[in-house]
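First up is the structure itself, then whatever we jot down about it.
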Amino acid sequence: MNDLELKAAVQAGLDEIRPFLQRDNGDIELVSIENGTDVKVRLLGTCVGCHVNQMTLKSGVELTVKKHAPQIKTVIDISGIIEKENYRDHLDSHNK
C-alpha cells in the first residue's frame with residue numbers, strides 16, 4: 001500500500017468511527033502516519049477532556065483503523081501537543 005492508499009484507508013477508519021464521537025460532541029482528525037505503521041490523531045471537542053478517551057482511542061479508534069489498514073500498529077492521540085504538521089501538506093500536494 002503506498003502513502004496515498006494508506007492515508008485513504010486510515011481516513012476510512014476514522015470516518016467510520018467519527019459519527020460515534022460526534023454523537024457526544026467530539027471529533028477526530030488525522031495528523032500523520034509515521035513509518036507506515038503509527039498513526040497520530042488529534043481528538044477534538046468533548047473528546048479532549050473525556051475521562052474515557054484513552055479507552056475510546058484503543059478499543060474504538062485503533063481497532064477500526066486496523067480493520068481498514070492492518071499494517072497499523074498504534075494510534076496515538078496528540079491532543080494538546082503542538083506538532084509540525086507538514087505531513088498532511090505533503091500528502092495533499094500529491095493529490096493535486
Minimal heavy-atom distance between Asp77 and Ser79, with the atoms involved, is OD1-OG, 2.5 Å
With rounding to the nearest 0.5 Å, note down the distance linking CG in Asn2 to CG in Leu4. 5.5 Å
If I take atom CD from residue Gln71 and atom CG from residue Asn35, how far apart are they, to the nearest 0.5 angstrom? 12.5 Å
Let me check something: do Val39 and Val48 share a hydrophobic cluster, defined by ILVMFWY side-chain heavy atoms less than 4.5 Å apart, either directly or through other members? no
For residues 43-57, which residue pairs pass the salt bridge (charged side-chain N to carboxylate O under 4.0 Å, His left out) check, not counting sequence neighbours? none
Residues in side-chain contact (heavy atoms from CB on, under 4.5 Å) with Leu44, at least two apart? Asp27, Glu29, Arg42
If the condition is salt bridge (Lys or Arg N to Asp or Glu O under 4.0 Å), which residues does Asp15 pass it with, not counting sequence neighbours? Arg18
Applying a strict under-4.5 Å side-chain criterion to I, L, V, M, F, W and Y, I'd like to know whether Val41 and Leu63 cluster together. no
Return the CG to CD1 distance between Leu43 and Ile78, rounded to the nearest 0.5 Å. 10.0 Å
Please report the interatomic distance CG(Leu14) to CD1(Ile28), rounded to the nearest 0.5 Å. 5.0 Å
Any residue meeting side-chain contact (heavy atoms from CB on, under 4.5 Å) with Lys73, in chain and number order, not counting sequence neighbours: Thr37, Asp38
Residues passing the side chain to side chain donor-acceptor pair (under 3.5 Å) test with Glu16, sequence neighbours excluded, are Lys67, His68
Residues which pass side chain to side chain donor-acceptor pair (under 3.5 Å) with Thr46, listed by chain and number, not counting sequence neighbours: none
Rounding to 0.5 Å, atoms CD1 (Ile72) and CD (Glu62) come to a distance of 9.5 Å
Leu21 and Cys47: which non-hydrogen atoms are nearest, and at how many Å? CD2-SG, 3.9 Å
